[in-house]
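Remember, it's a predicted structure, so these values are computed and weren't measured experimentally.
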Amino acid sequence: MAVSIDAVTERLSGLEAALARLTVRLREVSSVDEVGDVVESAVREATEASHVLLRVNEPDGRLRLVRARPHDGSVEYLLRLDASSPLVRALLENHIPIWNLPTGEVGRLLIEGGATPWPDVPADHSACFLPLNAEAGPAGGLGVIRATPFD
C-alpha cells in the first residue's frame with residue numbers, strides 16, 4: 001500500500017508538534033517522578049502502548065525503575081532485564097534500539113532465563129527498547145509494548 005507524501009508530511013508535522021509539547025512539559029517538571037509521568041503520558045499518546053517502562057541508570061550501573069504502567073506480571077518480568085548483561089550493556093552504550101520485535105523474542109534475547117510468553121502480554125505483541133542517552137553516556141532505557149507493530 002503506497003503512502004502519499006501529504007500523509008507522511010501530516011504525520012511528521014503531528015510528531016513535531018507532539019515533541020514540542022513534550023519539550024515544554026519537561027521544562028516544567030522538577031523531579032524524576034514527574035519526568036516519568038510526562039514521558040509515560042507522551043509515549044502513550046504517540047504510540048497507543050499497552051505497557052510503558054522507564055528506567056534510569058544509577059551511578060553503580062544498575063537500572064532503577066522510574067515508571068511502569070500497568071504494573072502487572074509483565075513488568076516483574078521486564079525488571080529482570082539486567083544492565084550488567086553484556087548484550088544489554090552493549091545496547092545502552094552503543095545507543096542501539098530494539099525496534100518492533102515480538103515480545104517473546106525480546107525476552108529470549110535480553111532477559112536472563114527469558115521464556116515466552118511473558119506474563120500478561122501475548123508473545124506476538126510488539127516491543128521496543130530505546131536507550132536513553134546523555135552527554136555523559138547511557139542514561140537509561142524506555143520500554144514500550146503494544147498489540148500492533150510500531151510504524
What is the distance from atom [atom1] of [X] to atom [atom2] of [Y], rounded to the nearest 0.5 Å?
| X | Y | atom1 | atom2 | answer |
| --- | --- | --- | --- | --- |
| L101 | F129 | CG | CZ | 12.5 Å |
| E28 | T23 | CD | OG1 | 11.0 Å |
| N57 | L132 | CG | CG | 9.0 Å |
| T148 | N100 | OG1 | CG | 8.5 Å |

Partners of R21 by salt bridge (Lys or Arg N to Asp or Glu O under 4.0 Å), sequence neighbours excluded?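 Only E45 meet the salt bridge (Lys or Arg N to Asp or Glu O under 4.0 Å) criterion with R21.
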Just jot down the salt bridge (Lys or Arg N to Asp or Glu O under 4.0 Å) partners of R67, sequence neighbours excluded, or say none. D37, E40
Using a 6.0 Å cut-off, check whether atom [atom1] of [X] has over 12 heavy atoms from anything other than its own residue.
| X | atom1 | value |
| --- | --- | --- |
| I5 | CD1 | no |
| E16 | CD | no |
| E10 | CD | no |
| R11 | CZ | no |
| E48 | CD | no |

For a 4.5 angstrom cut-off between non-hydrogen side-chain atoms, does [X] reach [Y]?
| X | Y | result |
| --- | --- | --- |
| E34 | S31 | yes |
| S126 | P102 | no |
| L142 | R55 | no |

Shortest non-hydrogen contact between [X] and [Y], atoms and distance:
| X | Y | result |
| --- | --- | --- |
| I98 | L130 | O-CD2, 4.5 Å |
| I145 | H125 | CG2-CB, 4.0 Å |
| R25 | V38 | NH2-O, 3.6 Å |
| V144 | A49 | CG1-CB, 3.4 Å |
| L22 | A42 | CD1-CB, 3.8 Å |
| C128 | F150 | SG-CD1, 3.3 Å |

